[in-house]
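All heavy atoms count here, side chains included; hydrogens, waters and symmetry mates do not. Lettering of chains follows the sequences in order, A, B, ..., and the numbering in each one begins at 1.
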Amino acid sequence: MPDSPKDLPGRLLPRSFFEHSPELVAPRLLGKLLVALTGRVGAPLAGRIVEVEAYLGPHNDPPDPAAHTHRGPTPRNEVLFGPAGHAYVYAIYGRYFCMNISCEIEGRAGCVLLRALEPVSGRAKMAANRGLLPDATPSALTSGPSRLCQALGLTRKVHNRLDVTCATSRLQVRDDGCPVFEALVTVRIGIKHAVDWPLRFTLPDHKCVSGARNLTGTRLVLK
DNA sequence: ACTCGGATTCTCT
DNA sequence: GAGAATCCGAGTA
């Protein structure tokens, strides 16, 4: 017996949403929902995107030395050179995962790293996935690129390459109309190259934004 | 085949 | 604020 159709919040974002440069797509993703279906019958896990980073493809001048695609396609980053709107999930430090969404038109690479979410539904399940008590703070659940993967149960084996613009996908990005007027722009976190490129975007003063909240930045007005 | 280091997190001090 | 945990992808040979 297949799962009954799930009633997911908001509407699916179209692929065209992602067919632009990462620095354009990244701030537009703020306020959108990342929805992960568990595969079993039950409520999906959902979080609102509150912090992202753009990583630019090698066609840019100058190329982004911090991007995994810096030296061209490899077996690991191949999905980033394909069509936009697909998940790029990779393993880091032997124990964690990070989740990105591919951007640009097919043939050009680029992606947006999801760095923090605000839990929207399935908080108890997220806490269990993180090994925390059900009353854990929202920030403890999904504030950080690998924390959010753990909370939503995202792994490379299951979620890499998934199309986040597909209604039958286990991983989707949806728009529930939550208004976002402004983003804070800062440098990216935890990288060794291009450390001064302003490609990190956050919802200003949001409690679930990860770590370096005290970075100086500029305001970006979104239309 | 072998080395190196990483888009992190947690646990100390 | 520092150090450990811990594995695999990528680069070099």
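Under a 4.5 Å side-chain heavy-atom criterion applied to ILVMFWY residues, the cluster that includes A/Val221 comprises that residue alone. Residue A/Val79 belongs to a hydrophobic cluster whose other members are A/Leu80, A/Tyr88, A/Tyr90, A/Ile92, A/Tyr93, A/Tyr96, with links defined by side-chain heavy atoms closer than 4.5 Å.
Proximity of A/Lys192 to the phosphate of B/dG6: a side-chain N or O atom is located under 4.0 Å from OP1 or OP2.
With rounding to whole Å, A/Phe97 atom CZ is found 15 Å from C/dT6 atom P. The CG atom of A/Leu56 sits 13 Å away from the C1' atom of B/dA7 (whole-angstrom rounding). The CD-C1' distance, from A/Glu53 to B/dT8, rounds to 12 Å in whole Å. If you take CG of A/Asn100 and P of B/dT8, they are 11 Å apart, rounded to a whole angstrom. Rounded to whole angstrom, the span from the CD1 atom of A/Ile101 across to the P atom of B/dA7 amounts to 19 Å. Across the protein-nucleic acid pair, A/Leu114 atom CG and B/dT8 atom P stand 13 Å apart, rounded to whole Å.
Atom name C1', nucleotides C/dG3 and B/dG5: the rounded distance is 16 Å, in whole Å.
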Enumerate donor-acceptor pairs with a distance under 3.5 Å from any side-chain N or O in residues 126-133 of chain A to protein atoms, sequence neighbours excluded.
| residue | atom | partner | partner atom | Å |
| --- | --- | --- | --- | --- |
| A/Asn129 | ND2 | A/Ala151 | O | 2.8 |
| A/Arg130 | NE | A/Ala140 | O | 3.1 |
| A/Arg130 | NE | A/Leu141 | O | 3.2 |
| A/Arg130 | NH1 | A/Gln150 | OE1 | 2.6 |
| A/Arg130 | NH2 | A/Ala140 | O | 2.8 |

Just distance, no hydrogens or angles: give the donor-acceptor pairs under 3.5 Å from side chains in residues 114-121 of chain A, sequence neighbours left out.
| residue | atom | partner | partner atom | Å |
| --- | --- | --- | --- | --- |
| A/Arg115 | NE | A/Glu51 | OE2 | 2.9 |
| A/Arg115 | NH2 | A/Ser210 | OG | 3.3 |
| A/Glu118 | OE1 | A/His206 | NE2 | 2.8 |

Side-chain donor-acceptor distances from residues 178-197 of chain A under 3.5 Å, at least two apart:
| residue | atom | partner | partner atom | Å |
| --- | --- | --- | --- | --- |
| A/Glu182 | OE1 | A/Arg219 | NH1 | 3.1 |
| A/Thr186 | OG1 | A/Arg200 | NH1 | 2.9 |
| A/Arg188 | NH1 | A/Ala54 | O | 3.0 |
| A/Arg188 | NH1 | A/Asp64 | OD2 | 2.8 |
| A/Arg188 | NH2 | A/Asp64 | OD1 | 3.1 |

Detail all sub-3.5 Å separations between protein N/O atoms and N/O atoms belonging to nucleotides 10-13 of chain B.
| residue | atom | partner | partner atom | Å |
| --- | --- | --- | --- | --- |
| B/dC10 | OP1 | A/Arg130 | NH1 | 3.0 |
| B/dC10 | OP1 | A/Arg130 | NH2 | 2.8 |
| B/dC10 | OP2 | A/Arg147 | NE | 3.0 |
| B/dC10 | OP2 | A/Arg147 | NH2 | 2.5 |

- Note on the structure: Heavy-atom contacts, protein to nucleotides 7-13 of chain C, under 4.0 Å, summarised as B (base), S (sugar-phosphate only) or - (none) per nt, yield B-SSS--

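Legend: residues meeting side chain to side chain contact (heavy atoms under 4.5 Å, CB included) with A/Pro9, ordered by chain and number and at least two apart, are A/Leu33. Listed by chain and number, the residues in a side chain to side chain contact (heavy atoms under 4.5 Å, CB included) with A/His159 are A/Val89, A/Leu154, A/Thr155, A/Leu162, A/Leu171 (sequence neighbours excluded).
Cluster membership check: A/Phe17 does not share its hydrophobic cluster with A/Tyr55, using side-chain heavy-atom separations under 4.5 Å among Ile, Leu, Val, Met, Phe, Trp and Tyr.
Each salt bridge (charged side-chain N to carboxylate O under 4.0 Å, His left out) pair with one or both residues in residues 65-92 of chain A, not counting sequence neighbours, appears once here: A/Glu78-A/Arg161. Among pairs with a residue in residues 99-114 of chain A, those fulfilling side chain to side chain donor-acceptor pair (under 3.5 Å) read A/His59-A/Glu104, at least two apart in sequence or across chains.
In this structure, A/Phe97 and A/Ser146 approach most closely via the heavy-atom pair O-OG, 2.9 Å.
When base pairs are accepted only as Watson-Crick or G-U wobble with both N-N or N-O distances under 3.5 Å, DNA chain C takes part in stems of 3 or more pairs at B:1-6 with C:7-12, B:8-12 with C:1-5.
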